[in-house]
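Working notes, structure below.
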Amino acid sequence: MVLATAALAVSVGNVDASPTLHKTIKVDKQTIFYREAGDKSDPTIVLLHGFPTSSHMYRNLIPKLADNYHVIAPDYPGFGNSSMPSVNEFEYSFDNLAKITEHFLNQVGVDKFTMYVMDYGAPIGFRIAQAHPEKIEGLIIQNGNAYDEGLRDFWQPIKQFWADKSDANKQALAEALLTIDATKWQYTNGTRNSEAISPDNWIMDQALLDRSGNKEIQLELFYSYGTNPAHYPVWQKYFRTYQPPTLLVWGKGDYIFPEEGAHPYKRDLKNIDFNILDTGHFALEEDLDVISSKILSFMQERVHSKGK
């Protein structure tokens, strides 16, 4: 009985060593929700989420990293538990999301960090990296695009919207991309076993998409995504010039950001650990253990060693 109690105490101690905290902070008049874990004296990993999710996509990854790293994951305005001002009250553009994310990091005292970018997190994070290369200790890229090769068939109707922001094109995109079937598809398409993916993901994401005014927000961001390809040469120059240590983990079954968008990173980044995984868009849902193990090795071997 004594031994069992002692074992339980050790187990509970391990679980509670780095709990994930759920916090909010005011940034540029917006309430920004974020998840945070780990010791602030340890190196920081910033996790930037994609569409249509939030920091919730990192809920299982954070505990895997927090014993060794300070981990922080914000929700952008219009996503998750952060403020959701209307499109008339807030500029929903990638420039502005990058700006508010940068201000968030400044306010919480994160000055140097490794950045995990996925989907929308890539154009947000790469804007920050290009503007402040001195802050970036490393990059973890998971199905986030920075090359023309990565915008293939999925993007054709969105490109039509970029060319013509008509009500008809808005409606077409809303019907194609903002429904529960589309949200479920993002999680299950291209996976090895769709039954391994929890439906809680798309049910929660869709509940947030279905809030009054949120579809208008997402349509503004679909349109703003058209500003990103013009930045690709600038980001690629950043990669070539500063050569941040990079871990790439890419789900090859992703129809949104297909594998063709992963390989060009090798042209510009020389210190890259390149991995194509047999899964889909939200790779963490199926390959959490693989990705977390690779992150821990990458941080120790390529990021930490750089400073020693």
Side-chain angles (χ1 to χ4, degrees), residues 22-24 27 29-35 47-60 73-94 96-97 100-101 104 118-124 143-144 154-158 160-162 165-191 194-226 254-257 280-286:
H22 305 85
K23 302 182 177 183
T24 59
V27 182
K29 299 182 180 179
Q30 303 302 320
T31 298
I32 300 300
F33 170 88
Y34 63 104
R35 301 168 198 257
L47 309 174
L48 298 182
H49 69 79
F51 163 84
T53 184
S54 64
S55 61
H56 178 262
M57 68 168 281
Y58 295 117
R59 69 201 179 282
N60 296 321
D75 292 351
Y76 318 129
F79 293 82
N81 294 293
S82 288
S83 292
M84 195 191 78
S86 72
V87 294
N88 297 321
E89 299 169 317
F90 184 84
E91 177 193 325
Y92 285 96
S93 69
F94 283 88
N96 204 31
L97 291 187
I100 202 167
T101 301
F104 162 77
M118 184 269 173
D119 189 271
Y120 278 11
I124 292 169
N143 297 76
F154 173 87
W155 291 90
Q156 292 310 311
I158 302 177
Q160 292 176 18
F161 184 47
W162 298 344
K165 195 182 182 184
S166 66
D167 289 342
N169 283 339
K170 281 185 180 181
Q171 184 66 22
L173 286 183
E175 291 176 358
L177 299 177
L178 298 178
T179 66
I180 185 66
D181 287 342
T183 303
K184 177 181 178 180
W185 174 86
Q186 288 199 59
Y187 279 97
T188 58
N189 184 68
T191 59
S194 63
E195 292 181 346
I197 313 302
S198 171
D200 297 344
N201 288 295
W202 56 85
I203 291 170
M204 190 186 79
D205 285 355
Q206 192 63 40
L208 295 171
L209 287 175
D210 288 342
R211 291 176 293 175
S212 178
N214 196 267
K215 284 184 171 59
E216 289 76 15
I217 288 168
Q218 303 307 331
L219 287 165
E220 282 299 306
L221 287 171
F222 289 163
Y223 187 72
S224 179
Y225 203 97
D254 188 353
Y255 184 71
I256 301 169
F257 292 116
H281 184 64
F282 286 107
L284 284 168
E285 294 303 316
E286 199 165 32

Legend entry - Exam field: side chain D119 to backbone N143, donor-acceptor pair closer than 3.5 Å: no
Legend entry - E195 CD: over 12 foreign heavy atoms closer than 6.0 Å: no
Inset, instruction - Indicate the atoms forming the closest heavy-atom contact of P74 with S55, along with that distance. - result: O-CB, 4.1 Å
Inset, instruction - Please report the closest heavy-atom contact between M84 and G78, naming both atoms and the distance. - result: CG-CA, 3.8 Å
Inset, instruction - Would you please name every residue forming a side chain to side chain contact (heavy atoms under 4.5 Å, CB included) with N189, sequence neighbours left out? - result: W185, Y255
Inset, instruction - Please confirm whether the backbone N or O of T188 pairs with a side-chain atom of T191, one donor and one acceptor, at under 3.5 Å? - result: yes
Inset, instruction - Please step through side chain to side chain contact (heavy atoms under 4.5 Å, CB included) for the pair L173 and L178, ending with a clear verdict. - result: CA-CA 7 Å; L173 286 183; L178 298 178; over 6 Å; no
Inset, instruction - Could you tell me whether the side chain of S54 and the main chain of H56 form a donor-acceptor pair under 3.5 Å? - result: yes
Legend entry - 4.5 Å side-chain heavy-atom contact, L208 and N214: no
Legend entry - Pairwise salt bridge (Lys or Arg N to Asp or Glu O under 4.0 Å) hits with a residue in residues 207-217, at least two apart: D210-K215
Inset, instruction - Check for a donor-acceptor pair, side chain of S224 on one end and backbone N or O of E220 on the other, with a separation under 3.5 Å. - result: no
Legend entry - With F94 via ring pair (Phe, Tyr, Trp, His ring centres under 6.0 Å) - residues at least two apart: Y120, Y225
Inset, instruction - Please report the closest heavy-atom contact between D254 and I256, naming both atoms and the distance. - result: OD1-N, 2.8 Å
Legend entry - Pairs involving residues 204-223, ordered by first then second residue, that meet ring-ring contact (aromatic ring centres under 6.0 Å, His included) (sequence neighbours left out): F51-F222, F161-Y223
Inset, instruction - Could you tell me whether the side chain of N96 and the main chain of E91 form a donor-acceptor pair under 3.5 Å? - result: yes
Inset, instruction - Write down the atom of P77, the atom of F90, and the distance for their closest heavy-atom approach. - result: CG-CZ, 3.8 Å
Inset, instruction - Mark yes or no for whether E175, through its side chain, and K170, through its backbone, hold a donor-acceptor pair below 3.5 Å. - result: no
Inset, instruction - Could you pull out the closest heavy-atom pair between S82 and D75, with the gap in Å? - result: OG-O, 2.7 Å
Legend entry - Y92 side chain reached by P85 side chain, heavy atoms, under 4.5 Å: yes
Inset, instruction - Taking the side chain as every heavy atom from C-beta outward, state whether Q186 and P52 have any atom pair closer than 4.5 Å. - result: yes
Inset, instruction - List for me each residue that meets ring pair (Phe, Tyr, Trp, His ring centres under 6.0 Å) alongside H49, sequence neighbours excluded, and say none if there are none. - result: Y76, F79
Legend entry - Full working for side chain to side chain contact (heavy atoms under 4.5 Å, CB included) between L284 and N60: CA-CA 8 Å; L284 284 168; N60 296 321; over 6 Å; no
Legend entry - Student check: side-chain heavy atoms of W155 and W162 closer than 4.5 Å: yes
Inset, instruction - Could you pull out all residues at least two apart from K23 that satisfy salt bridge (Lys or Arg N to Asp or Glu O under 4.0 Å)? - result: E36
Legend entry - NZ/K29: more than 12 non-hydrogen atoms of other groups inside 6.0 Å: no
Inset, instruction - Work out which heavy atom in F104 is nearest to a heavy atom in I32; give both atom names and the distance. - result: CD1-CG2, 3.9 Å
Legend entry - Side-chain heavy-atom pair E285, Y187 within 4.5 angstrom cut-off: yes
Legend entry - Between OG1 on residue T183 and CD1 on residue I203, distance to nearest 0.5 Å: 11.0 Å
Legend entry - Gap separating the CG atom of L48 from the CE atom of M57, nearest 0.5 angstrom: 10.0 Å
Inset, instruction - For side chain to side chain contact (heavy atoms under 4.5 Å, CB included), just list the numbers for F282 and T53, CA-CA rounded to whole Å, side-chain angles, deciding distance to a tenth of an Å, and then say yes or no. - result: CA-CA 10 Å; F282 286 107; T53 184; 3.6 Å; yes
